Amino acid sequence: MRRLIRELRAITVLGLFNGYIPVKNNPLWIISFTLGPVSYLFLLYMIGRENIVDYAFIGGLVLSMSASAYGLLGDIIWYRNSLKIQDMFIVTPNSIYTYALGIALSSYIWALPSLAIFIIIGFLMSILRNIYVLGVIIGLTTILWINTALFTLYISRFIRSEKYVWPLVSIISLGLSVFPPVYYPVSILPRDMWMIALIPPTASSALLIESFSGIICVENFYILYSIFNLAVQTMALAILHKRSFVLSE
């Protein structure tokens, strides 16, 4: 019990250190992480494509969660190279996953205002029709949060300088959150491309939210495939994170 309390305290401290405190000191972070996803939704709504507004809403949710996690890349490299926080954490008695969850928690804190805005918009537009759908969205965005945070931690191993971070963050955020079937239905793609298009965790998460929300109707095979894809990728990234920490010791 003492170890669990210690781990939870470390996760909370890291989350507050890199999440709540920066947002409190500079509220522009909230606008920065909210403006992009909301602008896509607003643009699609204004041009009159009402049939894809629901998909844009799901896309905004997914982009809000994933972009905040991918945005951790700069912080992770700065903490590792300049502040040596990762090196200090390695020699502590905490679990190797405590650092990952603590850093990931900060991205969830950044994304919370954007997610809250989208949930309000969803109820106002009758996209979110009941508490069950809201629960599905919270659950899937949480899984996506862990997945993308672990992915960011892993690729940070291969980046030695902060100067390469910011263009890479933009490429990853847009490449994995906008171009796959996130802001548009997978049904507009040829059927034989669906399994490839759903490989990015953002695409699988979007399809699952769309399906459970009743926005799209697909065969159960693709729903199970998306669940399997998310689970396997998350477990694989957790294993890679463990090995990378062992190699760092």
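Start at 1 with the first residue, then count along the sequence. Small disclaimer: the values here were computed from a predicted structure and weren't measured.
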Drop me the distance from L61's CG to S205's OG, to the nearest 0.5 angstrom. 11.0 Å
How many angstroms lie between atom CG of L134 and atom OG of S213, to the nearest 0.5 angstrom? 10.0 Å
Is there side-chain contact between L168 and I159, with at least one heavy-atom pair below 4.5 Å? yes
Closest non-hydrogen contact found for G19 with I109 is C-CG2, 3.9 Å
Which heavy atom of A197 sits nearest a heavy atom of L189, and at what distance? CB-CD1, 3.6 Å
Should the pair F118 and F57 be assigned to parallel (<30°), tilted (30 to 60°) or perpendicular (>60°) ring geometry? tilted
Once you round to the nearest 0.5 Å, how far does CD1 of I103 lie from OG1 of T152? 11.0 Å
Identify the heavy atoms of L208 and L140 that sit nearest to each other, and give their distance. CB-CD1, 3.6 Å
Side-chain donor/acceptor pairs under 3.5 Å, residues 20-28, sequence neighbours excluded:
residue : atom : partner : partner atom : Å
N25     : ND2  : I21     : O            : 3.3
N26     : OD1  : L28     : N            : 3.3

Do Y184 and V182 share a hydrophobic cluster (ILVMFWY, side-chain heavy atoms under 4.5 Å, transitive)? yes
Mark yes or no for whether W194, through its side chain, and V186, through its backbone, hold a donor-acceptor pair below 3.5 Å. yes
Hey, what do you get for OG1 (T142) to OH (Y108), rounding to the nearest 0.5 Å? 3.5 Å
Show the numbers, then the answer: is there a side-chain contact (heavy atoms from CB on, under 4.5 Å) between T202 and L63? CA-CA 8 Å; T202 48; L63 179 59; over 6 Å; no
Do other residues, nucleotides or ligands put more than 12 heavy atoms under 6.0 Å from the CZ atom of F123? yes
Decide yes or no on side-chain contact (heavy atoms from CB on, under 4.5 Å) for S106 and L72, but give the supporting numbers first. CA-CA 9 Å; S106 64; L72 287 171; 3.4 Å; yes
From I146 CD1 over to T141 OG1, what is the distance, rounded to the nearest 0.5 angstrom? 10.0 Å
Do the ring planes of Y154 and F158 sit parallel (below 30°), tilted (30 to 60°) or perpendicular (above 60°)? perpendicular
P37 vs Y183 side-chain heavy atoms within contact, under 4.5 Å: yes
Can you name the closest pair of heavy atoms from S68 and S107 and give their distance? OG-O, 3.2 Å
Membership question, hydrophobic clusters at under 4.5 Å side-chain separation (ILVMFWY): are V232 and L207 in the same one? no
How about Y70 and L176: do any of their side-chain heavy atoms sit closer than 4.5 Å? yes
Measuring from atom OG1 of T234 to atom CZ of F151, what distance do you get when rounded to the nearest 0.5 angstrom? 12.0 Å
Just wondering, do M195 and Y222 contact through their side chains at under 4.5 Å, heavy atoms? yes
Can you tell me if S204 uses its side chain to pair, donor with acceptor, with the backbone of L198 under 3.5 Å? yes
List the atom of P185, the atom of I216, and the distance in Å for their closest heavy-atom pair. CB-CD1, 4.2 Å
Within-4.5 Å side-chain heavy-atom neighbours: W110 and N18: yes
Using a strict 4.0 Å threshold on nitrogen-to-oxygen distance, state whether E219 and R191 make a salt bridge. yes
Is there a chain of hydrophobic side chains (I, L, V, M, F, W, Y, each step under 4.5 Å between heavy atoms) that links L230 to M235? no
So does I199 get a backbone contact from the side chain of N229, meaning a donor-acceptor N/O pair under 3.5 Å? yes
Is it possible for you to say whether Y132 and L115 belong to one hydrophobic cluster, with membership spreading through side-chain heavy-atom contacts below 4.5 Å? yes
At their closest point, which heavy atom of T148 faces which heavy atom of M65, and how far apart are they? OG1-O, 4.5 Å
Distance-only, no hydrogens or angles: does the E210 side chain make a donor-acceptor pair with backbone N or O of D54 under 3.5 Å? no
Note, I11 side chain near Y99 side chain (heavy atom, < 4.5 Å): no
With hydrophobic residues grouped by side-chain heavy-atom distances under 4.5 Å, do F212 and I143 end up in a single group? no
Check step by step if side-chain contact (heavy atoms from CB on, under 4.5 Å) holds for L153 and L237. CA-CA 9 Å; L153 278 164; L237 288 168; over 6 Å; no
